[in-house]
Participant: 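Once you've had a glance at the structure underneath, I'll fire off some questions.
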Amino acid sequence: MPDKLDVLRSVPLFADLDERSLQAVAVLAREVSFEAGEIFMLEGEVGDGFFVILDGTVRIDRGDRAIRSLTAGGFLGEIALVERRPRTATATAVSDVSALELRHHEFERLLDTMPAVHQRVRSAIERRERRDRAAGGTAEAV
């Protein structure tokens with residue numbers, strides 16, 4: 001896997017962070033891998049992690065329907081943590097996936113200390129909720 005700081009610099013969520021902030025995120029995040037076909041978030045479970053996809057493709061399903069795919073730079077898990085509710089979708093690795101994971105406590109620390117990241121996460125939640133309302137569903141708390 002490439003250097004964690006180099007990867008973080010390329011992720012839109014962290015695009016405008018200074019070097020010190022990037023280093024702080026790198027310290028908080030741990031690298032995780034999932035094999036193709038592995039389910040790593042299950043609809044209905046309590047959310048305890050936030051993931052930033054570094055490489056690979058993740059499929060998000062609600063019930064028996066695929067609702068979106070995520071690739072490098074995409075992130076998931078934020079709604080369940082911010083809104084403190086169970087996940088309403090399942091995340092499955094379509095290909096081998098590498099990601100950075102922030103557990104609930106580290107994620108809260110990140111949002112509390114980095115307003116720019118907090119605002120981007122909040123904007124993403126609002127976008128997803130608007131899209132889901134327009135489609136007649138509920139927000140994806142993955």
Side-chain angles (χ1 to χ4, degrees), residues 1-18 21-142:
M1 179 178 289
D3 175 73
K4 201 187 291 189
L5 283 173
D6 289 338
V7 171
L8 287 171
R9 283 185 193 96
S10 70
V11 174
L13 181 63
F14 305 118
D16 298 329
L17 294 183
D18 60 32
S21 297
L22 281 171
Q23 288 173 354
V25 174
V27 167
L28 292 174
R30 71 183 181 109
E31 298 173 28
V32 294
S33 298
F34 304 99
E35 294 181 5
E38 187 174 349
I39 294 172
F40 62 97
M41 288 184 176
L42 190 61
E43 186 172 357
E45 76 180 0
V46 174
D48 62 354
F50 168 78
F51 297 87
V52 177
I53 306 304
L54 302 177
D55 188 42
T57 302
V58 175
R59 185 184 70 240
I60 308 299
D61 298 300
R62 183 177 298 132
D64 60 357
R65 180 173 69 95
I67 56 175
R68 68 181 166 124
S69 291
L70 295 172
T71 57
F75 56 92
L76 64 158
E78 75 285 353
I79 296 174
L81 297 181
V82 172
E83 304 288 329
R84 299 186 192 281
R85 54 182 162 143
R87 300 195 190 283
T88 61
T90 295
T92 305
V94 174
S95 62
D96 289 348
V97 170
S98 59
L100 292 178
E101 179 185 23
L102 290 162
R103 304 303 286 181
H104 192 194
H105 177 73
E106 286 81 15
F107 180 72
E108 285 183 345
R109 236 174 104 191
L110 175 73
L111 297 186
D112 287 346
T113 58
M114 298 182 188
V117 173
H118 191 170
Q119 182 55 46
R120 286 191 185 108
V121 167
R122 181 52 68 193
S123 295
I125 290 171
E126 291 168 1
R127 263 193 321 276
R128 290 174 184 172
E129 288 177 338
R130 276 194 308 271
R131 183 183 63 219
D132 282 355
R133 276 194 302 273
T138 59
E140 302 152 19
V142 292

Participant: Can you tell me how far CZ of F51 sits from CG of L100, rounded to the nearest 0.5 angstrom?
Facilitator: 10.5 Å
Participant: Cut-off 3.5 Å, no hydrogens considered: what does the side-chain donor-acceptor table look like for residues 52-59, sequence neighbours left out?
Facilitator:
residue: R59; atom: NE; partner: D61; partner atom: OD1; Å: 3.1
residue: R59; atom: NE; partner: D61; partner atom: OD2; Å: 2.8
residue: R59; atom: NH2; partner: D61; partner atom: OD2; Å: 3.2

Participant: Looking only at non-hydrogen atoms, find the nearest pair between T92 and F40 and report the distance.
Facilitator: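 Shortest heavy-atom separation between T92 and F40 comes out as C-CE2, 4.3 Å.
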Participant: Any salt bridge (Lys or Arg N to Asp or Glu O under 4.0 Å) involving residues 106-118? Give me the pairs, sequence neighbours left out, ordered by first then second residue.
Facilitator: R84-E108
Participant: Mind listing the closest non-hydrogen atom pair of L5 and A26 along with its distance?
Facilitator: CD2-CB, 4.0 Å
Participant: Would you say the side-chain atoms of D96 pair up with the backbone N or O of A36, donor to acceptor, closer than 3.5 Å?
Facilitator: yes
Participant: For D18, which residues count as a side-chain contact (heavy atoms from CB on, under 4.5 Å) partner, sequence neighbours excluded?
Facilitator: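 side-chain contact (heavy atoms from CB on, under 4.5 Å) check on D18 returns R20, S21.
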Participant: Looking only at heavy atoms, what is the nearest atom pair of A24 and M114, with distance?
Facilitator: CB-CE, 3.7 Å
Participant: Would one find more than 12 heavy atoms of other residues, nucleotides or ligands at under 6.0 Å from atom CD of Q23?
Facilitator: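 Yes.
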Participant: Can you tell me which residue pairs pass the salt bridge (Lys or Arg N to Asp or Glu O under 4.0 Å) test with a partner in residues 38-50, sequence neighbours excluded?
Facilitator: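 Pairs touching residues 38-50 that pass the test: E45-R87, D48-R103.
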Participant: Does F75 reach the side chain of F50, with side-chain heavy atoms less than 4.5 Å apart?
Facilitator: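 With C-beta onward as the side chain, the pair touches.
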Participant: If you compare all heavy atoms of G47 against all heavy atoms of A80, which two are closest, and at what distance to 0.1 Å?
Facilitator: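 For G47 versus A80, the nearest heavy atoms are CA-CB, 4.1 Å.
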Participant: Can you name the one residue among V27, L8, D6 that meets side-chain contact (heavy atoms from CB on, under 4.5 Å) with L22?
Facilitator: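 Exactly one option meets the side-chain contact (heavy atoms from CB on, under 4.5 Å) with L22, and it is L8.
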Participant: Tell me, please, which residues at least two apart from F14 pass ring-ring contact (aromatic ring centres under 6.0 Å, His included).
Facilitator: none
Participant: Could you go through residues 117-124 and list every donor-acceptor pair under 3.5 Å that involves a side-chain atom there, pairing it with any protein atom two or more places apart or in another chain?
Facilitator:
residue: Q119; atom: NE2; partner: S123; partner atom: OG; Å: 3.1
residue: R120; atom: NH1; partner: L13; partner atom: O; Å: 3.0
residue: R120; atom: NH2; partner: D16; partner atom: OD2; Å: 2.5
residue: R122; atom: NH1; partner: E83; partner atom: OE2; Å: 3.4
residue: S123; atom: OG; partner: Q119; partner atom: O; Å: 3.0

Participant: For L102 and L110, what are the C-alpha separation, side-chain angles and deciding distance, and is it a side chain to side chain contact (heavy atoms under 4.5 Å, CB included)?
Facilitator: CA-CA 9 Å; L102 290 162; L110 175 73; 3.6 Å; yes
